[in-house]
Asker: 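Before I ask anything, let me first share the structure, which is written out below as structure tokens.
Ligands are counted one by one from 1 in listed order, and the atoms in each one are counted from 1 as well. Just so we're clear, the structure is a prediction, and the values are computed from it rather than from any experiment.
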Amino acid sequence: MTTIGILAVQGAFIEHAKLLAKLGVKTFEIRQKKDLNQTMDGLILPGGESTTMGRLLHDLEMFDSIKQMIVKGLPVLGTCAGMILLATDLENSEKTYFKTMDIKVIRNAYGRQLGSFFTHAMFGDIEIPMTFIRAPYVASVGKDVEVLATVDGKIVAVRQANQLATAFHPELTDSTVVHEYFLKMIQK
Ligand code: GLN
């Protein structure tokens with residue numbers, strides 16, 4: 001059975017667990033360093049506040065271990081703040097985090113008014129609902145990064161090898177498409 005660890009120090013982690021339960025996937029919460037000893041087939045970095053999550057990852061001494069797991073090929077899905085944690089480059093932030101995904105991300109990229117909105121757009125070849133909450137978007141990608149979705153010409157979903165990231169919150173809609181895509185990455 002597939003088991004996925006969900007970073008649960010802050011943010012929207014419960015919603016990922018609920019959606020994955022619907023798909024028959026076992027999950028557990030990663031709250032402290034010892035939780036990383038459990039066997040996992042994939043890892044989710046949820047939405048929330050990237051600065052807070054980044055700080056907690058260091059305070060709880062989990063940062064280096066998680067980075068190593070991603071570098072070694074553990075499949076990871078980062079949503080919203082999770083995408084920010086993966087990016088090599090942040091356009092409007094002094095801090096960067098794991099830097100494992102070759103993307104440049106702009107935080108709070110839609111401004112105060114448009115920061116949160118709902119739309120439908122293509123993810124690969126399927127149209128899905130997308131919920132954006134004070135969302136980032138991807139300003140540019142490296143050559144090994146595949147663009148999976150754009151909204152109004154802005155990149156909002158990307159994949160690089162074992163890493164998948166979305167600027168929107170796939171766990172906050174009824175659609176399971178993004179999580180099923182992630183499960184396929186795990187099974188390969
Ligand atoms: N604005 C948040 C950040 O910069 C991300 C928002 C979210 O995850 N919904 O970390």
Asker: When rounded to the nearest 0.5 angstrom, what is the spacing between CD1 in I44 and CD1 in I6?
Answerer: 5.0 Å
Asker: Which pairs with one or both residues in residues 128-144 pass salt bridge (charged side-chain N to carboxylate O under 4.0 Å, His left out), sequence neighbours excluded?
Answerer: E49-R134
Asker: Report the residue from L74, T100, V76 that forms a side-chain contact (heavy atoms from CB on, under 4.5 Å) with M69.
Answerer: L74
Asker: Could you check whether atom CG of D152 has more than 12 heavy atoms from other residues, nucleotides or ligands sitting under 6.0 Å from it?
Answerer: no
Asker: Test of understanding: with side chain to side chain contact (heavy atoms under 4.5 Å, CB included), list the residues that count as partners of K26, not counting sequence neighbours.
Answerer: M1, T3
Asker: Apply ring-ring contact (aromatic ring centres under 6.0 Å, His included) to F118 and list each qualifying residue two or more places apart in sequence or on a separate chain.
Answerer: H120
Asker: Contact residues of ligand 1 with a heavy-atom cut-off of under 4.0 Å?
Answerer: G47, G48, E49, S50, C80, A81, I84, R107, N108, I133, R134, H169
